[in-house]
Amino acid sequence: MEENKSAIIVGAGLVGSLWAVYLSKAGYKVTIYERRSDIRLAEISAGKSINLSLSTRGWKALDNVGVGDEIRKIAIPMFGRMMHDTEGNLTYQAYGKEGEAIYSVSRGGVNARMLDIAELHGGATIHYNHECVGADTKNGIVYLKNKDTGEEINDQADVVFAADGAFSAMRYHAFQKLDRFNFSQRFIEDGYREILLPAGENGAYQIEKNALHIWPRGRFMLIALANEDGSFTCSLFMPHSGFDKLISKESVDEFFKTTFPDFHEMMPNVADAWGDHPLASLGIMRSYPWHHGKTALIGDSAHATVPFYGQGMNGAFEDCTVLNGLMKKHNEDWEKVFAEYSQVRKPDGDALQDLSLDNYYVMRDYVADPDFLLQKKIEAKFSNLYPDKWMPLYSQVTFSDIRYSEAYANGKRQDKIMKDVMASTENIASNWDSEEVMAKILEKI
Ligand SMILES: Cc1cc2nc3c(=O)[nH]c(=O)nc-3n(C[C@H](O)[C@H](O)[C@H](O)COP(=O)(O)OP(=O)(O)OC[C@H]3O[C@@H](n4cnc5c(N)ncnc54)[C@H](O)[C@@H]3O)c2cc1C
C-alpha cells in the first residue's frame with residue numbers, strides 16, 4: 001500500500017530547499033511556505049546578493065542527494081586569502097594543501113538553484129508570500145498569513161521543519177513559548193555593509209579571481225569574493241560606532257582613500273554606491289532543545305552564528321546530513337530522530353558558534369600579532385612534517401567533516417601545546433623551525 005507521508009518546511013532559504021530534496025527522496029510529500037516572493041523572478045544580478053563560501057561539509061550534504069554538480073556550475077574556487085596592506089602590497093596564504101579550495105557562491109544564485117532542485121528533483125510545492133505567524137509544534141500545525149490576500153490559513157503534516165532563519169518566526173511564536181526552552185541572542189559590536197566592486201573593462205576581474213581578498217585594518221576589515229560576471233561582492237565589517245562616523249559622502253570617500261587606497265583606485269565612486277546596501281547587524285542565537293512534538297528547528301533557526309568562519313550555511317547543510325542519517329537509523333520514527341538530533345547535534349551547533357566567535361577575535365585582534373603569526377608558522381611547519389599527526393584547526397573545520405565539537409576541542413588542545421612549546425623555548429623567534437621545537441611538539445601530542 002502506498003504510504004502518504006507528508007512534511008512541511010517553513011522557509012525556502014538555503015537549508016529549507018536542500019532539506020526538501022532529502023525528504024522528497026525519502027518519499028515525503030513536501031510543502032514549503034516562504035515569506036518572500038519567488039527570488040527567481042526578482043532578477044537579482046549575481047553581484048547584488050551577498051556571497052558565501054562553500055566548503056567540504058556543504059558539498060557533502062549537496063552531493064549526498066546528487067545536486068552538488070548543479071551548484072559547482074556557479075561556484076568559483078578560492079585557493080587562498082590575498083591580504084592587501086595600506087601600501088597596496090599583496091600577501092598570499094593558501095587555505096589548505098595544494099588543490100584545496102573554498103568556493104564563492106552567491107546567496108541568490110545558490111538559493112535560486114536550490115528552489116529549482118527542490119521543485120524538480122524534490123517535487124516540492126512552494127507557496128510564496130506565505131508568512132508563518134505561529135505553530136502548534138506538538139501536533140505539526142503551522143499558522144500562516146497569505147501576504148497577497150491577507151487570508152489566514154493553517155496546514156498540518158506528519159513532520160514540520162522550521163528553516164526560517166536566524167529570526168525564525170517558528171522559534172519566536174512557538175518554541176519560545178514552551179516551558180524549559182532555552183534561547184539567547186547576542187549581537188556583537190560589529191555590523192557590516194556590502195559594496196559591489198564592478199567588473200573591469202570587458203567584464204575582466206580587477207583583482208585575482210580565485211582568492212578571498214582581505215584588507216585587514218586592526219579593528220575593521222574589508223573582504224571581497226568574486227562573482228561570475230567579473231564583479232566582486234565586498235563586505236566591510238566594522239563596529240557600529242565606526243559606521244556612525246561615515247555619514248556623508250565626503251567622509252566615506254576620505255575613509256576609503258586613506259584606509260583602502262588600492263580599493264579606492266579600482267572604485268573611485270565607492271561613496272556613491274555606499275547607500276546601495278543597508279548596514280546590517282551580526283549576532284549569535286542559541287537555542288535548546290531543537291525539537292518539540294512533531295517539529296524541529298534546522299539551520300540558522302537553531303544555531304545562527306556570526307560569519308567569521310564562513311560556516312553558517314555549511315553547518316546548516318550539515319544538519320541535513322545528520323538528520324538524514326538519523327532518519328534512516330530510526331526508520332523514520334520521528335520522535336526518536338528528533339530526540340537524538342537535538343542531543344547529538346547541539347554540541348556541534350554550539351562549537352560552530354564558538355569557533356565563529358573565536359575567529360572574530362582572531363581577525364579583529366590577532367591577525368597582525370607577531371606571536372600569533374609565529375605560532376601559525378610553527379604549526380604549518382609541523383603539520384607539513386607530520387600531516388597524519390596534526391591537522392590545523394582551519395582545515396579540520398573547512399576541509400573535513402570532523403564534528404565541530406571535536407574540531408573545537410582539538411583546536412584548544414593544539415593551541416595549548418603550541419603556547420607551551422613557545423614559552424619553553426629560548427629565542428623562539430629565531431629557533432621556530434628547529435628540530436628541537438618540532439621534537440617538543442611531537443612529544444606533547
Ligand atoms: C554577512 C554574512 C556572511 C555569511 N557568510 C557565510 C559564508 O561565507 N559561508 C557560510 O557557510 N555561511 C555564511 N553565512 C551564514 C549563512 O548565510 C546562513 O547560515 C544560512 O543562510 C542559513 O540558512 P537558513 O536556510 O537556515 O536560513 P536563511 O538562508 O536565512 O533562510 C531562511 C528563509 O526563511 C524565510 N522566512 C523567514 N521568516 C519566515 C516566516 N515567518 N515565514 C516563512 N518564511 C520565512 C526567509 O525569507 C528565507 O527564505 C553568512 C551570513 C552572513 C550574515
Side-chain angles (χ1 to χ4, degrees), residues 8-20 31-39 42 49-59 61-62 75 78 102-108 110-112 114-115 118 126-135 142-147 155 160-174 187-188 190-194 212 223 225 233-237 277-285 297-320 349 352-353 355-356 359-360 397-398:
I8 292 174
I9 298 175
V10 176
L14 299 176
V15 77
S17 39
L18 178 60
W19 185 232
T31 308
I32 309 184
Y33 291 101
E34 166 58 49
R35 182 176 61 181
R36 291 179 304 200
S37 55
D38 188 343
I39 53 163
S49 117
I50 177 179
N51 278 33
L52 307 165
S53 63
L54 185 54
S55 51
T56 298
R57 293 164 204 272
W59 287 120
L62 293 163
M78 301 181 288
I102 57 175
Y103 290 78
S104 169
V105 290
S106 95
R107 178 194 291 277
V110 172
N111 210 156
M114 294 302 301
L115 295 174
I126 309 176
H127 297 281
Y128 295 96
N129 297 321
H130 278 69
E131 181 175 6
C132 167
V133 291
V142 177
Y143 302 105
L144 301 139
K145 188 173 177 182
N146 180 330
K147 288 171 72 188
D155 196 2
V160 174
F161 296 89
D164 52 347
F167 297 96
S168 166
M170 291 281 284
R171 189 186 62 217
Y172 179 72
H173 291 299
F187 287 98
I188 58 168
D190 297 48
Y192 72 97
R193 191 187 278 275
E194 281 180 45
L212 193 154
I223 66 167
L225 283 83
T233 301
C234 313
S235 309
L236 175 64
F237 294 93
H277 298 277
L279 172 60
S281 301
L282 295 164
I284 283 190
M285 280 83 172
L297 302 167
I298 55 171
D300 274 13
S301 72
H303 48 69
T305 192
V306 290
F308 301 102
Y309 228 115
Q311 282 294 313
M313 164 187 62
N314 289 288
F317 282 178
E318 196 176 55
D319 288 350
C320 297
L352 159 65
Q353 293 168 323
L355 284 160
S356 311
N359 227 30
Y360 164 59
V397 172
T398 310

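Here, residue 1 is the first one in the sequence, and each next residue gets the next number. All ligand and atom numbering here is 1-based and tracks the order in the structure.
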Let's go through Tyr143 and Glu131 carefully: what are the C-alpha distance in whole Å and the side-chain angles of both, what is the deciding distance for side chain to side chain contact (heavy atoms under 4.5 Å, CB included) to 0.1 Å, and is it a yes or a no? CA-CA 8 Å; Tyr143 302 105; Glu131 181 175 6; over 6 Å; no

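- Nearest protein heavy-atom neighbour of atom 27 (O) of ligand 1: Gly165 CA, 3.6 Å.
- The backbone N or O of Phe308 lies less than 3.5 Å from a partner atom in the side chain of Asn359, making a donor-acceptor pair.
- Between Gly13 and Glu34 the shortest heavy-atom distance is N-OE1, 4.0 Å.
- Protein heavy atom in closest approach to atom 18 (C) of ligand 1: Asp300 OD2, 3.3 Å.
- Counting only heavy atoms from C-beta outward, the side chains of Leu54 and Leu62 approach each other to under 4.5 Å.
- Ligand-side atoms of ligand 1 in range of Gly13: 25 (O), 31 (O), 33 (C), 49 (O), range being under 4.0 angstrom from any heavy atom.
- Minimum heavy-atom separation, Leu352 to Ser356: O-OG, 2.6 Å.
- Those atoms of ligand 1 with a heavy atom of Val15 less than 4.0 angstrom away are 24 (P), 25 (O), 26 (O).
- Side chain of Gln311 to backbone of Thr398: no donor-acceptor contact under 3.5 angstrom is found.
- Heavy-atom proximity to atom 17 (O) of ligand 1, evaluated over Arg107, Arg36, Arg193, is greatest for Arg107.
- For atom 53 (C) of ligand 1, the nearest protein heavy atom (residue, atom name, distance) is Tyr192 OH, 3.6 Å.
- Counting protein heavy atoms only, atom 8 (O) of ligand 1 is closest to Ser53 N, 2.7 Å.
- Val15 and Cys320 get closest at one heavy-atom pair: CG2-SG, 3.7 Å.
- In plain terms, the two heavy atoms of Ser168 and Ser301 that are nearest each other are CB-CB, 3.5 Å.
- Each of the following atoms of ligand 1 lies closer than 4.0 Å to a heavy atom of Gly312: 10 (C), 11 (O), 12 (N), 15 (C), 19 (O).
- Taking a 4.0 Å cut-off on heavy atoms, His130 registers as neighbouring ligand 1.
- A tilted orientation is assigned to the rings of Tyr192 and Phe237, their planes being inclined by 30° to 60°.
- Relative ring orientation between Tyr33 and His127 is described as parallel, the plane-to-plane angle staying below 30° on a 0-90° scale split at 30° and 60°.
- For ligand 1, the atoms lying closer than 4.0 Å to a non-hydrogen atom of Gly299 are 26 (O).
- Counting only non-hydrogen atoms, the option in His173, Glu34, Lys145 that gets closest to atom 46 (C) of ligand 1 is Glu34.
- No donor-acceptor pair under 3.5 Å is formed between the side chain of Asn111 and the backbone N or O of Ser17.
- Of all protein heavy atoms, the one closest to atom 2 (C) of ligand 1 is Ile50 CD1, 3.4 Å.
- The Ala169 neighbourhood of ligand 1 comprises atoms 41 (N), with distances under 4.0 Å to a heavy atom of that residue.
- The protein non-hydrogen atom at the shortest distance from atom 16 (C) of ligand 1 is Met313 N, 3.8 Å.
- Contact atoms of ligand 1 toward Tyr33: 43 (C), 44 (N) (distance under 4.0 Å to a heavy atom of the residue).
- Arg193 places a side-chain N or O within 3.5 Å of a backbone atom of His277 that can act as its donor or acceptor partner.
- The contact set between ligand 1 and Glu131, taken as ligand atoms under 4.0 Å from a residue heavy atom, comprises 41 (N), 42 (N).
- Summary of contacts: the protein heavy atom closest to atom 40 (C) of ligand 1 is Cys132 N, 3.6 Å.
- Atoms of ligand 1 lying under 4.0 Å from any heavy atom of Val10, numbered from 1 in the order shown and given with element: 42 (N), 43 (C).
- Taking atom 32 (C) of ligand 1 as the reference point, the nearest protein heavy-atom neighbour is Ala163 O, 3.5 Å.
- Across Ile9, Leu52, Leu18, Ile102, heavy-atom proximity to atom 13 (C) of ligand 1 is greatest for Leu52.
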